Amino acid sequence: MSFTHVLGVARRSPTFAVGFGAILVFALLAAFADLIAPLPPTQSFPYETLRPPGSGQFLLGSDGNGMDVFSRTIHGARYAFGIALPAGAIMAVIGIPLGLIAGWRGGWVDEVLLRILDVLRAFPTIILALAIVAATGQGFLNVILVVGFLDSPIFARIVRAEVLALRNATFVRAAVAAGNPEWRVLLVHILPNAILGATAQLPLRMAWAVRISATLAFIGIGVQAPAPEWGAMIRQGAEYVISGEWWVALFPGLALIAMVLGLNLAGDGLSDLLDPKRRATGK
Amino acid sequence: MSLGGFLWRRALVALPVLLGILFLTFMLVRIGDQDPVAMLAGPMADAPMLARIRAELMLDQPLLTQFWAYLGRLVQGDLGLSWQGNAPVTQAIADHLPATLELVTLAVGIGALVGVPVGLRAAERPNGWFDQASRFGSLFGFSLPTYWLGLMAIFVFFYLLGWAPAPMGRVSMMVTPPEVLTGSVLLDSLLAGNGEAAWSAAAQLVLPVGCFAIVATAPIIKHTRAIAIEVMGSDYIRYARACGFPRRIIRRIALRAALVPVITFVGSEFTSLLAAASLIEFVFAWGGLGHWGLNAILLGDFAAVQGYVLVLAIASVLVFALVDLVVLLLEPRARA
Amino acid sequence: MTLLAVQDLHVEFATRGLDNRLRVAQALNGVSFTVAAGEVVGLVGETGAGKSLTALAAMGLLRPPARIPHGSIRFEGREIIGLSDRELEKIRGRRMAMIVQSPLTSLDPLKRIGDQLVRMQRVHDTAHGAAARTKAEAMLAAVRIPDPARRMRAWPHELSGGMAQRVLIAMALVNDPALIIADEPTTGLDVTVQAQVLDTLRDIVAARNLGALVITHDLGVVAHYCQRVAVMFAGRIVEDGPVREVFSRPSHPYTRALIDSTPGRIAQLGWTVTGGTPPDLYDLPQGCLYRDRCPRAATACLAAPPRIAVSGTHGAACHFAGEAA
């Protein structure tokens with residue numbers, strides 16, 4: 001993977017490049033939040049509440065508790081990755097084997113998966129997530145688990161679709177006909193290709209996870225203020241919007257959008273890069 | 001296939017899904033740590049009183065017995081009592097549903113009117129400038145949190161510019177609301193010939209519908225584009241070219257072919273927005289079903305949560321049945 | 001009278017890989033042949049030889065990333081390359097009609113058969129209304145579809161593959177074109193149905209004095225239905241001439257290999273008949289492209305072979321074509 005290769009990918013899919021760039025910026029923010037943020041995210045200055053952006057030490061203003069919006073927004077990136085990475089990992093760990101078995105074997109696993117998907121289709125995930133988190137307790141860990149588990153069947157469906165398509169591919173049939181044991185065909189021929197196809201979906205699912213965890217926090221379930229989580233910060237800012245203190249809600253919202261958009265762009269671009277049909281557009 | 005047979009088959013498929021959802025919700029609200037009895041009885045209640053309420057609500061029975069009893073009452077149209085306002089859940093649903101339907105119907109309507117043509121146009125030249133722009137736009141819409149968009153719209157159009165009315169409900173408190181007929185304040189005012197109320201209701205609708213429509217449009221653009229591209233790459237479009245059909249006619253064939261999948265998608269969009277409406281209602285104090293259901297979840301209002309989820313599930317079953325019915329009319333293969 | 005004259009046609013594809021480097025595939029490398037009125041010409045060769053591409057080019061249907069850097073296609077005396085879409089639309093389906101490979105998926109799934117035939121006439125302004133319906137029904141009868149009046153109301157998904165292929169033939173003929181291009185018209189059909197469909201096509205072509213270009217990888221089809229044949233390999237025509245001549249005196253080693261590998265009379269050449277693979281279109285070697293697989297390869301083959309006349313209109317692009325086999 002040389003520099004020209006990276007450049008080539010960027011030119012082939014500017015979408016992916018922009019999205020990946022945004023994610024990278026947020027990753028750096030999350031990693032070095034303590035160094036970049038001028039103030040600790042939960043340090044309160046009781047006499048300096050709701051200062052507008054640019055006043056004194058508050059680059060992006062201060063919130064109702066007199067905490068620095070800028071520092072809090074930067075630290076919010078940690079929560080975003082804190083949900084995206086483990087939720088993505090749960091999706092992959094549950095979804096890939098489940099989709100693999102459902103797609104390859106069919107049978108009752110497939111049947112159960114399809115029924116679960118039926119229920120999920122009729123049961124809006126946001127409401128389900130809300131209800132589960134409300135019922136099982138509001139810690140961040142709980143939010144991660146719920147979001148990860150809820151999206152696993154959807155990820156499994158993506159893998160399943162890939163497997164179904166691959167199952168009848170000539171090279172797979174040839175591998176079966178050549179007398180390879182089933183596990184070998186599954187691991188050597190199906191799995192890598194199915195994962196490649198499903199990879200593009202992972203950033204999209206992560207985007208969903210970040211969005212939904214912020215939504216939960218906004219509603220007041222999940223991460224609670226004063227933790228510097230974007231959704232919780234928007235919730236704090238909501239009450240000031242009608243009185244004109246816009247900055248409390250604006251900046252965490254922008255950060256949330258940029259992060260989710262970055263993941264979405266990366267996923268969308270990735271599916272282009274991985275789709276051989278679209279490669280044949282020489283311009 | 002007859003219409004009756006079609007509906008019968010739909011019901012057979014829908015029933016287990018509905019049961020599954022009901023059971024899931026039933027268990028879910030009961031594993032929580034909220035104690036409804038203490039909430040119901042208030043701070044003055046003593047132990048025997050709590051026990052009596054517990055027995056009344058059958059909370060001392062095994063969960064399956066409770067569920068069975070719930071189903072029994074459900075069949076008779078009794079969804080239980082909501083603790084918010086101590087009203088029957090059915091009544092509360094009837095009161096709140098129209099407000100949400102008004103919001104969602106308008107948002108999905110606008111979303112389809114904007115999203116479908118944009119998606120079709122984008123598919124005409126994949127990777128052209130219009131396609132790239134609309135693709136970015138739709139990804140952007142995907143990434144917008146509705147509630148944040150609502151807050152910003154309130155700040156700009158209410159606080160800064162003063163164009164929009166206060167984000168408090170569906171009609172200004174200064175006007176006399178019309179008698180409830182359809183449940184949509186706008187429609188009811190128009191029906192009653194109450195111009196002032198109609199104007200106020202329309203003004204209240206603009207911001208929430210606008211924000212919601214932006215979020216609704218994004219997936220419609222994306223899917224319409226994908227559907228149209230698939231259709232344009234199909235054998236019959238290639239054959240139509242080989243037949244020397246001019247672009248106008250090829251476009252018409254493609255449009256006709258894309259119609260069915262697009263309608264199907266817009267239908268599914270409707271059901272998912274019905275649930276997502278709770279957030280925009282929350283921000284605009286809309287007082288619709290979503291807002292009510294959200295509160296029910298937050299308060300652990302068992303019967304109300306179950307009723308809310310049931311309505312959402314039934315709505316999705318109905319919408320999908322309706323979509324399939326339309327498909328049946330448009331698609332000769334489905335009639336076979 | 002010559003209907004279609006293809007002269008030194010080149011087609012290439014420019015694609016970009018993951019690394020964004022431009023790669024050019026030379027798919028056709030100087031294809032020349034003619035089709036005259038009243039004659040059926042077979043275009044035969046293995047998958048990837050460029051048969052379908054030649055047909056698409058003749059119809060003016062090539063789309064980017066395919067492009068024609070060089071060559072000429074004249075139809076009824078008029079150059080096709082460079083015509084606007086609007087002008088091409090007047091020719092396609094009107095003067096020059098195509099029968100495609102996958103009949104079941106090629107018909108508009110949302111329109112009845114009769115309406116599709118009527119639309120074909122209305123679009124090309126050859127007949128309208130009741131006259132068009134009468135003609136459509138007559139066309140269905142002509143392609144030997146039983147009970148044409150009832151079939152007019154059928155949906156595409158109600159047809160069998162053979163029936164749908166007949167409908168495509170009716171679609172192609174309904175505007176009385178001068179030239180028919182049939183691209184593997186019988187792929188996917190049962191052998192008996194294949195024969196019926198091809199018989200129908202041959203009879204109509206003969207009765208109406210049409211020209212026809214039949215693309216196939218089936219030498220049996222060529223032997224049965226064509227008067228002349230052109231054999232393609234790696235984007236070139238390696239041998240062409242009257243079917244009898246070519247079959248009795250194959251003068252290009254590739255043609256010989258094709259015929260030798262034919263079991264009985266009907267050969268289904270799914271892929272390469274002789275050892276080896278086709279040359280890399282992205283990196284064409286100099287000289288004869290068949291050289292790597294040719295039993296007779298010699299140093300002379302490092303130079304591109306010219307077409308050498310064997311007898312009359314029979315010729316082959318091989319340095320040794322004139323010699324006895």
Side-chain angles (χ1 to χ4, degrees), chain A residues 14-15 18-19 115-116 118-119 121-128 130-137 204 207-208 210-211 214-215 218-221 230-231 234-235 237-238 240-246 249-250 252-254 256-265 267-268 272 277-278 281 283, chain B residues 13-14 16-18 20-21 24-25 28-34 126-127 132 135-136 139-140 142-149 151-152 154-156 158-160 166-167 222 233 268 271-276 278-279 282-283 290 293-294 297-298 300 305 308-309 312-317 320:
Chain A
T15 325
V18 171
R115 290 295 84 77
I116 292 176
D118 272 354
V119 171
R121 194 172 73 147
F123 201 150
T125 33
I126 166 92
I127 299 299
L128 195 56
L130 254 171
I132 299 178
V133 175
T136 54
L204 300 179
W208 178 83
V210 172
R211 253 186 74 168
T215 304
F218 173 76
I219 291 168
I221 289 181
W230 293 329
I234 298 174
R235 178 184 175 83
Y240 302 119
V241 157
I242 12 178
S243 50
E245 285 93 8
W246 47 272
L250 177 76
L254 289 181
L256 175 61
I257 293 170
M259 172 84 183
V260 173
L261 185 61
L263 285 166
N264 275 330
L265 286 172
D268 204 61
D272 271 3
K277 263 183 287 176
R278 286 198 47 162
T281 44
K283 263 193 302 191
Chain B
V13 176
V17 174
L18 283 180
I21 289 172
L24 197 66
T25 327
L28 206 58
V29 287
R30 275 162 181 77
I31 54 169
D33 46 10
Q34 287 130 325
N127 293 329
Q132 301 281 16
R135 182 175 172 194
F136 185 81
L139 279 175
F140 189 69
F142 259 105
S143 313
L144 279 177
T146 353
Y147 48 93
W148 180 84
L149 195 64
L151 289 175
M152 292 302 124
I154 289 171
F155 172 71
V156 172
F158 169 66
Y159 177 82
L160 269 191
K222 184 179 167 168
S268 73
T271 63
S272 68
L273 284 190
L274 211 53
S278 49
L279 291 165
F282 180 65
V283 170
L294 196 61
I297 293 173
L298 294 176
V305 174
Y308 174 51
V309 169
L312 290 181
I314 289 179
S316 101
V317 167
F320 281 116

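Letters A, B, ... are given to chains in the order of the sequence lines, protein chains preceding strands, and every chain is numbered from 1. All figures in this text were calculated on a predicted structure; none of them were measured in a lab.
- Between chain B and the options A:L256, A:I126, A:I132, the largest number of non-hydrogen pairs under 4.5 Å is found for A:I132.
- The parts of B:L139 that come within reach of chain A are both its backbone and its side chain, each placing non-hydrogen atoms under 4.5 angstrom from that chain.
- The part of A:S243 that comes within reach of chain B is its backbone (N, CA, C, O), which places non-hydrogen atoms under 4.5 angstrom from that chain.
- Of all the listed residues (A:I221, A:L128, A:L265), the one sharing the greatest number of non-hydrogen pairs under 4.5 Å with chain B is A:L265.
- A distance of 6.5 Å separates CD1 of A:I242 from CZ of B:F158, quoted to the nearest 0.5 Å.
- The distance from the CD1 atom of B:I21 to the CG atom of B:L312 is 9.0 Å, given to the nearest 0.5 Å.
- Judged as a side chain to side chain contact (heavy atoms under 4.5 Å, CB included), and not counting sequence neighbours, the contacts of B:L160 are B:F155.
- Heavy-atom distances place both the backbone and the side chain of B:F142 under 4.5 Å from chain A.
- Proximity to chain B (any heavy atom under 4.5 Å) is shown, for A:A249, by both the backbone and the side chain.
- Heavy atoms closer than 4.5 Å to chain A are found in the side chain of B:V283, but not in its backbone.
- The side chain to side chain contact (heavy atoms under 4.5 Å, CB included) test applied to B:L18 returns B:A313, B:I314, B:V317, not counting sequence neighbours.
- Using a 4.5 Å heavy-atom threshold, the side chains of B:L24 and B:V309 count as separate.
- Contact of A:R115 with chain B is not made at all, since no heavy-atom distance falls under 4.5 Å.
- Contact of B:S268 with chain A is not made at all, since no heavy-atom distance falls under 4.5 Å.
- Counting only N and O atoms by type, the side chains of A:D268 and A:T15 include no donor and acceptor under 3.5 Å apart.
- Contact tally against chain B (heavy-atom pairs below 4.5 Å) for A:P252, A:A238, A:A258: the top residue is A:A238.
- Heavy atoms from other residues, nucleotides or ligands lying under 6.0 Å from OH of A:Y240 number more than 12.
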